[in-house]
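Shown next, in structure tokens, is the structure this report addresses.
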Amino acid sequence: MSGQRAGGTGPVTSSELLSVVAARELACRRTVFAGIGLPTLAAELARLTVAPGIEVVYESGVCGAHPSQLPETIADAVLITGAEAVVSMPTLFGSVLQGGHIDVGFLGAAQIDRWGNLNTSVIGEWERPSVRLPGSGGAVEVMANAREVFVVMRRHTPRSFADVLDFCTTPGPDRALADGIRPLGVGVTRVITELGVLARDGVGDELRLVAVHPGVTVEQVRAATGWKLKATDRVTTTDPPAPAELRLLRDDVDPNRVYLR
Amino acid sequence: MSGQRAGGTGPVTSSELLSVVAARELACRRTVFAGIGLPTLAAELARLTVAPGIEVVYESGVCGAHPSQLPETIADAVLITGAEAVVSMPTLFGSVLQGGHIDVGFLGAAQIDRWGNLNTSVIGEWERPSVRLPGSGGAVEVMANAREVFVVMRRHTPRSFADVLDFCTTPGPDRALADGIRPLGVGVTRVITELGVLARDGVGDELRLVAVHPGVTVEQVRAATGWKLKATDRVTTTDPPAPAELRLLRDDVDPNRVYLR
Amino acid sequence: MRTMRRTVDRTAGKVMSMREAVAAFVHDGDTVSLEGFTHLIPTAAGHEIIRQGRRDLTVVRMTADIVVDQMLAAGCVARLVSSFVGNSSAGSLGELRRRVERADPEPLVFEEYSHYGMVCRYLAGAQRLPFYPLRSYAGSDLPAVNPGIRKVTSPYPAADGSTEQIYVVPPVQPDVTIIHAQRADHRGNTQIWGLTGVQAEAVYAAEKAVVVVEELVADAVIRADPNRTLVPAHAVDAVVVCPRGAHPSFAQGYYDRDNAFYRAWSAISKDPERLRGWLEEWVYGTVDHAEYAAKLGEEFWAGLAVGEALSEPVNYGRRL
Amino acid sequence: MRTMRRTVDRTAGKVMSMREAVAAFVHDGDTVSLEGFTHLIPTAAGHEIIRQGRRDLTVVRMTADIVVDQMLAAGCVARLVSSFVGNSSAGSLGELRRRVERADPEPLVFEEYSHYGMVCRYLAGAQRLPFYPLRSYAGSDLPAVNPGIRKVTSPYPAADGSTEQIYVVPPVQPDVTIIHAQRADHRGNTQIWGLTGVQAEAVYAAEKAVVVVEELVADAVIRADPNRTLVPAHAVDAVVVCPRGAHPSFAQGYYDRDNAFYRAWSAISKDPERLRGWLEEWVYGTVDHAEYAAKLGEEFWAGLAVGEALSEPVNYGRRL
């Protein structure tokens, strides 16, 4: 069943590293709103390690899924069969998410700025974009209502870590407050990339580099960031995935390497 | 199974007369929002006579009931088993009623005025009433959203047909318009009492006497009404229940005389 | 993927006795919602609140019926938020009328709404909205006696170009909501069928939620039909197993409504002495609902027994 | 009470073919909602709209995915209202991107919302509200490009006494909503399980509603489980029987998702010629969905077959 990288040894892929780092950040969290892919892997690994009681709520309305196989989409039939509850969209977005029941929301984006605002709508002008992206989906709601948001960005480039967003689809709380509205959560608190981890505490804070992955320098991260990236006084180096973490991830969470590309 | 009044002959009770008159008024209606009692009898009789496609929606959320026995309350378990649908309160009041799917709503009241406004809250002052009545329930919503409303009042007295309501719980469209809001329906169009039938076409109209039951005079009705009751030019006398109507009502709709007191 | 199936007890300790749940989640002065629209009324929870002598509660309940009259008579309630204060269609609530009509033995603060107004207050509470709009109340005297009912101007023109106004109600966010249900698992995933009322919204609106069930069932029972779960575990803080706890209301598929008791209540509650005696015998005189149910006797319960009318299974599918 | 059981066909003529339903309920220039959140996407209805050559439609759909890209390519759509315009997580919608990025072959008017913004538009439409409030959009650039997203001031002070503002969206009231479901009876009582999305609200928001089902079932099947009915008959105007009509999406308990086709679509739709060829072969080249499904072949369908995972029956009870 398991792929060629089974067990706790062998070279660590970028996906594995991101999953392990994200899982560690979920320590003691109760409810996670996550899409399929790295967030699912991170949540499942967290359940087996630092957050045994964690519940993943999917944008499709599934709560307490117990899939027989790793789901391929947030609406995969295997997520529904055997789940604890399936709720409608009005209940999911209204009562569960806007109602304040989500501790951590996972989001991705084409662009992020230093305050954790996100663009998933367009590259270029909205009216006639050079690239039309999918848009918000539920991201606007996740940012506005989850207590905090983790962003996973595989690619860390000056274009994706933008000084100025081409368009702000999904605003963090700083922009919300400037618009006169007090949000529930603190917005993005962690950005996990192929190069390291950025963090901020909440409203008024800029994202700062707090950790670089093994073999990556602070200067490399700064060069890959579109704004003048600040760093904490003591940037740490990410602890490489422990053999136990890798074993769980490879053998138990995603033995068929659906997402562990 | 059937009581002593079985069949289409024998003296007609007040309940039977009110049920038959109300049923006739339901000709060609599609959806009725009704409570238990006379409205249920009227709707069921209408289904067997003038409105074969009629669907009764109950305040409890039951749509398309097929009860094995005559229900004793709007939430009777026999209404649920075998029903076509049961919807939640938000769906019932929000999508079905406020959404405009109800043709006729049945209401009762302690007091009604000449415009069809209703009081079900208090006799006396609201703050320290001489009689505290149950209140609106869903009556405010039925009046605001059903296309028209039928009121059944067993007792026709100057106190219940009031010149001025002690309190307006449930306003008709005239009062709504005066409050600056355009209602969906036309409010009360029929009031069926022990003495006769009052009617109005809608906004701006007063209730007028259109029919008296056999043996009742126009003057009797006027004397029993708390305001100077107008009458149409030609007040008719209610056609007595036909033998076929009585037979259906007594033998088929309520053979155990649960409501045909 | 075998690890995804591991059972992790992520909600240890939710299952508790009614005594423990009321002690932990209902405090003097709290706002307590008890919901269940004629079906699944959490009567046993109301009785335990009486036994524990809670005071100064604000009770929120669409249909304030027998259990509310009993809590009023026991002196638990200072304030009532409701849209129907009657004994079903069976008559009056004697204690409630004395409190409202004559402040006897003490005044009752009453916030009067209509049914959908209450539903919308729960919706606003569940959805963390500052208000919820509804097409009710235009021309009613209710806004004059209830300052909670207000108006908002729509930012969109009406079809005829005019400015449109609509009434709104404020959210209700109870300290605790208590509901009764047919069954739940130990995590609190709660399944209800038959009339479902406003229970899910009342739970989501509340700070804490207690679910009282006829049966605690294995996880596999819940998970065989996830669409039947109206209240997911993440919204539930306590699960109390209390068979027959909805009497005199009914639990679809478990027992029928005790219509005779509804009819009797109007007379019992009309006489304060008789009402006091009823409470002494049936609430203070029983240590818990199991004793109350046993006191009614098996012959009584046989009279409310229901037969079988099973739903047909649907296929959720399994990947081959 | 035997008469209450008499079956009265109060909705004669609701059952019709897809061709009849689209001809009767979808007109040039209409606003058409097609809902189904990844599950039960009404693809076959979209294809019939293409076959009948409808023009100038406003399509309303939360996740504008393959079927929308196909309708765009066929020239049916002048305006799109949506909150996600991507090929699931499998890539891009080629035609949609050409229309938006280069007005190729013609411009597309696009109203962009977020998922909950769309949900709230349906809720407002279903509930006949002038607007629906939601805690989204504060600080977003979306209101600047979408004048439908506005602000309202709450008439209640916030917890800290300040004045509170909230964004609102306007109702959407489609001329017709089309959904796909597992089963319905001939009156239109529709049962859905698995992901239920926003289908019920989209139906209630619409002037007319067409329900496409895998199976038409006897009244008794529906009535054995009334809580499973998400769309009651009074909200439905047409019932179309169309097995496998949700392909390439899935129908819980009936067939699985065709993930390979989702992955293939990004490449097909990237090349206008190839996309045209696909439409010629699979939509214009088939007379109806039965032919489309047959053309895929039984071996193909065997690959999407699902096994059994039956729900357990619940007891609705029967008066003894």
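Naming convention: chains lettered A, B, ... in sequence-line order (proteins, then strands); numbering from 1 in each chain.
- Between chain A and the options T229(C), T190(C), D225(C), heavy-atom pairs under 4.5 Å are most frequent for T229(C).
- Other residues, nucleotides and ligands contribute only 12 or fewer heavy atoms inside 6.0 Å of the CZ atom of R182(A).
- Between H101(A) and H234(C), the two ring planes are tilted [angle within 30° to 60°].
- Using a cut-off of 4.0 Å between Lys/Arg side-chain N and Asp/Glu carboxylate O, E84(A) and R187(C) are scored as salt-bridged.
- With a 4.5 Å cut-off on non-hydrogen atoms, S88(A) does not touch chain C at all.
- Remark: L123(C) CG to S95(A) OG distance equals 7.5 Å, nearest 0.5 Å.
- Of the possible donor and acceptor atoms, one in the side chain of T81(A) sits under 3.5 Å from a partner among the backbone N and O of G317(C).
- T31(A) touches chain C through its side chain: at least one heavy atom from C-beta onward sits under 4.5 Å away, while N, CA, C and O do not.
- In terms of modelled atom types and a separation under 3.5 Å, the side chain of Q98(A) and the main chain of Q127(C) share a donor-acceptor contact.
- Options G125(C), A205(C), P232(C), A126(C) differ in how many heavy-atom pairs under 4.5 Å they form with chain A, and the most are formed by A126(C).
- For V87(A), the part lying under 4.5 angstrom from a heavy atom of chain C is the side chain only.
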